[in-house]
Amino acid sequence: MITFQNLIPGFDGPLSVIWWVLLAIKLVALADAVFRPRAVFIAADKLTKPGWVLILSVFTLSQVFQGWLSFFGLIGIVASAVYLVDARPALRAATGRGRGGWGALRRRRGPRPL
């Protein structure tokens, strides 16, 4: 029988801390995809909003019910990483809030002194 204590681990060991960190990463990716406007996904030429929300929500729930070391849990880690590293900077660039990519900080500071 599945109980709440079986689904959600406490903070009793390093693996449970990793479980919480990975769940937080997945929830951040899911929340970001939910609150972005639908048109931004089309403008950025990425997968549609319902597609990202479906993928991220299914794999976030799979971590709760199957654990992060399961097959779907590991795929969920990859899906969340792809969203946060690839899709999110492109979506930010499409909204005009960011230029996207890791070089945006350097570009905001201006040219390097000689």
Side-chain angles (χ1 to χ4, degrees):
M1 180 174 176
I2 298 175
T3 62
F4 182 74
Q5 292 179 344
N6 291 339
L7 293 177
I8 308 293
F11 291 99
D12 55 346
L15 288 179
S16 61
V17 173
I18 292 172
W19 188 91
W20 282 104
V21 169
L22 290 175
L23 182 66
I25 290 171
K26 290 178 181 180
L27 288 175
V28 165
L30 177 63
D32 188 76
V34 166
F35 290 116
R36 295 251 179 222
R38 182 180 293 223
V40 174
F41 288 85
I42 297 169
D45 197 24
K46 294 295 178 184
L47 183 66
T48 62
K49 179 178 179 174
W52 273 115
V53 170
L54 179 69
I55 289 170
L56 293 172
S57 61
V58 164
F59 289 123
T60 300
L61 288 175
S62 74
Q63 178 170 340
V64 173
F65 290 107
Q66 293 182 345
W68 67 277
L69 284 174
S70 68
F71 179 72
F72 289 111
L74 294 175
I75 290 176
I77 294 168
V78 173
S80 299
V82 166
Y83 180 81
L84 291 174
V85 172
D86 182 45
R88 186 172 182 266
L91 297 173
R92 289 185 58 145
T95 58
R97 292 186 177 173
R99 294 183 182 160
W102 294 101
L105 286 176
R106 187 179 316 149
R107 281 181 264 164
R108 273 189 236 141
R109 291 182 187 153
R112 289 185 175 184
L114 297 175

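For the numbers below, each heavy atom of this structure counts, side chains included, while hydrogens, waters and symmetry mates do not. For clarity, every value in this text was computed on a predicted model and none was experimentally measured.
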Q: Does Thr60 reach the side chain of Val64, with side-chain heavy atoms less than 4.5 Å apart?
A: no
Q: Indicate the atoms forming the closest heavy-atom contact of Gly76 with Lys26, along with that distance.
A: C-CE, 3.6 Å
Q: Given Asp32 and Tyr83, is the side-chain contact (heavy atoms from CB on, under 4.5 Å) satisfied, shown in steps?
A: CA-CA 9 Å; Asp32 188 76; Tyr83 180 81; 2.6 Å; yes
Q: For residues Ala79 and Ile55, report the shortest heavy-atom separation together with the two atoms involved.
A: CB-CG2, 3.9 Å
Q: Lys49 side chain to Phe41 main-chain N or O, any donor-acceptor pair under 3.5 Å?
A: no
Q: How long is the straight-line distance from OG of Ser16 back to CG of Leu23, given to the nearest 0.5 Å?
A: 12.5 Å
Q: Measure across Ser57 and Leu30 and return the closest heavy-atom pair with its distance rounded to 0.1 Å.
A: N-CD1, 3.8 Å
Q: Determine whether Val53 and Phe72 fall in the same hydrophobic cluster, where Ile, Leu, Val, Met, Phe, Trp and Tyr are linked whenever their side-chain heavy atoms lie under 4.5 Å apart.
A: yes
Q: Membership question, hydrophobic clusters at under 4.5 Å side-chain separation (ILVMFWY): are Val34 and Val82 in the same one?
A: yes
Q: May I ask whether Leu15 and Leu22 are part of the same hydrophobic cluster, defined by side-chain heavy atoms of I, L, V, M, F, W, Y residues being less than 4.5 angstrom apart, directly or through others?
A: yes
Q: Tell me, with the steps shown, if Thr48 and Arg38 meet side-chain contact (heavy atoms from CB on, under 4.5 Å).
A: CA-CA 7 Å; Thr48 62; Arg38 182 180 293 223; over 6 Å; no
Q: Supply the atom-to-atom distance Trp20 CH2 to Leu27 CG, rounded to the nearest 0.5 angstrom.
A: 9.5 Å
Q: For Ala44, give me all partners under side chain to side chain contact (heavy atoms under 4.5 Å, CB included), at least two apart in sequence or on another chain.
A: Lys46, Ala90, Leu91, Ala94
Q: Apply side chain to side chain contact (heavy atoms under 4.5 Å, CB included) to Ile75 and list each qualifying residue two or more places apart in sequence or on a separate chain.
A: Phe59, Phe71
Q: If you group Ile, Leu, Val, Met, Phe, Trp and Tyr by side-chain heavy-atom gaps below 4.5 Å, do Val78 and Val21 land in one group?
A: yes
Q: For residues Pro89 and Asp86, report the shortest heavy-atom separation together with the two atoms involved.
A: CD-O, 3.6 Å
Q: Under 3.5 Å, is there a donor-acceptor pair between the side chain of Thr95 and the main chain of Arg92?
A: yes
Q: Honestly curious: do Ile77 and Val17 fall in one hydrophobic cluster under the side-chain, below-4.5 Å linking rule?
A: yes
